[in-house]
Each structure stands twice: as structure tokens, then as C-alpha cells.
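Contents: one structure, followed by commentary.
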Amino acid sequence: QVQLVESGGGTMQAGGSLSLSCTASGVTLRSYVMGWFREAPGKEREFVGAFRWSGNTTWYGDSVKARMTIFRDTATNGVVLQMNNLEAEDTAVYYCALVAGTTIYTLPRAYDYWGQGTQVTVSS
């Protein structure tokens, strides 16, 4: 059974940094793409970025490209989303998700497995 667990959310002042982790169980990640999405109140779920184990490839949404980094967590079976220079607009529930294969999808409906989400609140 595939399970994803996010951790590391919280409250931060604008301009600060936060790291979110997503740990997977029940799956061998080398054949998957792990994506990060966020959902703010009243808005659609938005693609933040993704990591593909094949080739250690990353891809980011335009709204976060210069401020967020995804990298493999060598200590766990997962990835880290490093968020820098946070803005109030980054306030949302952040989710990690998995899809089998090597294509990096930006649409939520393409992903098969989801974590429970972790809240990030940025105060201005």
C-alpha cells in the first residue's frame, strides 16, 4: 500500500524559509515522479514543482520557480521542498503526490497517490 506523509509545515513571516518533507512507503521511487501541489482557500490546486528520480530532474511552476527547490532526501524515501523568500501568497495547504513513470505532469488529476497535506501560513 502506497502512503505519502508530508511534514514541516507551519507559520513563517514573509521573507523567511521553510522546508517540507514528503516520505513515501510501499513504493520504489526510482520509477515515479513526485509532485508538490498547493491549495489556498477558494483557489484551485496549483502545481508547485516535481522531482523525477530518473535523471534527478526537477520542474517548477512559474509562480515559485525562483524561490523554491526540490531535492531528494537521501535519509528517507522521499523529497524535500525548500521554500525561500516566502510571500503571503504562498499560504496554502501543501500536498505531495506520486505518479508512475517518467513524465512530469502539472495537472493534479494525473497523480495517483496523495499525502494528507500540511499547512503553510505566511504572515506579512
Side-chain angles (χ1 to χ4, degrees):
Q1 182 180 359
V2 178
Q3 288 189 325
L4 302 177
V5 178
E6 302 98 337
S7 61
T11 299
M12 177 58 66
Q13 287 189 332
S17 299
L18 275 176
S19 292
L20 304 183
S21 295
C22 179
T23 301
S25 59
V27 64
T28 301
L29 292 175
R30 64 173 179 267
S31 301
Y32 283 79
V33 169
M34 182 173 281
W36 281 98
F37 292 80
R38 65 186 183 184
E39 188 169 332
K43 295 187 177 181
E44 294 186 350
R45 194 163 293 191
E46 176 190 17
F47 176 74
V48 174
F51 180 88
R52 180 175 63 202
W53 266 259
S54 174
N56 283 341
T57 304
T58 54
W59 191 261
Y60 300 96
D62 289 339
S63 63
V64 305
K65 190 173 295 184
R67 301 184 294 111
M68 298 191 185
T69 305
I70 300 172
F71 55 90
R72 182 178 176 182
D73 187 345
T74 56
T76 67
N77 193 37
V79 299
V80 173
L81 173 64
Q82 175 66 41
M83 305 185 292
N84 299 320
N85 194 20
L86 286 164
E87 303 170 351
E89 292 73 22
D90 295 320
T91 295
V93 178
Y94 284 72
Y95 298 89
C96 64
L98 275 182
V99 58
T102 57
T103 300
I104 295 179
Y105 297 99
T106 62
L107 294 176
R109 64 174 180 263
Y111 289 76
D112 301 310
Y113 305 99
W114 290 83
Q116 81 287 351
T118 186
Q119 177 70 47
V120 171
T121 302
V122 182
S123 60
S124 56

(request) Identify the two heavy atoms, one from W53 and one from G78, that lie closest to each other, and give their separation to 0.1 Å. (result) CZ2-O, 3.8 Å
Validation: residues 82-93 side-chain donor-acceptor distances under 3.5 Å, sequence neighbours left out:
{"from": "Q82", "atom 1": "OE1", "to": "S19", "atom 2": "OG", "distance (Å)": "2.3"}
{"from": "Q82", "atom 1": "NE2", "to": "N84", "atom 2": "OD1", "distance (Å)": "2.9"}
{"from": "N84", "atom 1": "OD1", "to": "S17", "atom 2": "OG", "distance (Å)": "3.0"}
{"from": "D90", "atom 1": "OD1", "to": "R38", "atom 2": "NH1", "distance (Å)": "2.8"}
{"from": "D90", "atom 1": "OD1", "to": "R67", "atom 2": "NH2", "distance (Å)": "2.9"}
{"from": "D90", "atom 1": "OD2", "to": "R67", "atom 2": "NH1", "distance (Å)": "2.7"}
{"from": "D90", "atom 1": "OD2", "to": "R67", "atom 2": "NH2", "distance (Å)": "3.4"}
{"from": "D90", "atom 1": "OD2", "to": "E87", "atom 2": "N", "distance (Å)": "2.7"}
{"from": "T91", "atom 1": "OG1", "to": "A88", "atom 2": "O", "distance (Å)": "3.0"}
{"from": "T91", "atom 1": "OG1", "to": "V122", "atom 2": "N", "distance (Å)": "2.9"}
{"from": "T91", "atom 1": "OG1", "to": "V122", "atom 2": "O", "distance (Å)": "3.4"}

(message) Assigning hydrophobic clusters by single linkage (Ile, Leu, Val, Met, Phe, Trp, Tyr; side-chain heavy-atom cutoff under 4.5 Å), is Y113 placed with V48?
(response) yes
(request) Could you state whether L98 and V33 fall into the same hydrophobic cluster, counting links through intermediate Ile, Leu, Val, Met, Phe, Trp or Tyr residues with side-chain heavy atoms under 4.5 angstrom apart? (result) no
(request) Identify whether V120 and I70 are in the same connected component of the hydrophobic contact network (ILVMFWY, side-chain heavy atoms under 4.5 Å). (result) yes
(message) To check you understand the geometry: which heavy-atom pair defines the closest contact between Y111 and A50, and what is its length?
(response) OH-CB, 4.1 Å
(request) Mind checking the CZ-OG spacing from R30 to S54? Nearest 0.5 Å is all I need. (result) 11.5 Å
(request) Give the minimum heavy-atom separation between M34 and A24, together with the two atoms involved. (result) CE-CB, 4.2 Å
(request) Enter the distance from Q13:CD to T121:OG1 here, rounded to the nearest 0.5 Å. (result) 13.0 Å
(message) Enumerate the disulfide (SG to SG under 2.5 Å) contacts for residues 84-124, please, sequence neighbours excluded, ordered by first and then second residue.
(response) C22-C96
(message) Tell me whether L20 shares a hydrophobic cluster with M68, the cluster being built from Ile, Leu, Val, Met, Phe, Trp, Tyr side chains joined at under 4.5 Å.
(response) yes
(request) Scan for ring-ring contact (aromatic ring centres under 6.0 Å, His included) pairs involving residues 55-101, sequence neighbours excluded, and state none if there are none. (result) none
(request) To the nearest 0.5 angstrom, please state how far the OG1 atom of T69 sits from the CZ atom of F51. (result) 12.0 Å
(request) Could you tell me whether a side-chain N or O of R52 sits under 3.5 Å from a main-chain N or O of T102, the two making a donor and an acceptor? (result) yes
(request) Look up atom NZ in K65 and atom OG1 in T58, then write down how far apart they are to the nearest 0.5 Å. (result) 10.5 Å
(request) Determine the minimum heavy-atom distance between L4 and A97, stating which atoms define it. (result) CD1-CA, 3.7 Å
(request) Tell me whether V79 is reachable from Y105 by hopping between hydrophobic residues (I, L, V, M, F, W, Y) whose side-chain heavy atoms are closer than 4.5 Å. (result) no
(request) For the pair Q116 (side chain) and E6 (backbone), establish whether a donor and an acceptor sit closer than 3.5 Å, ignoring hydrogens and angles. (result) yes
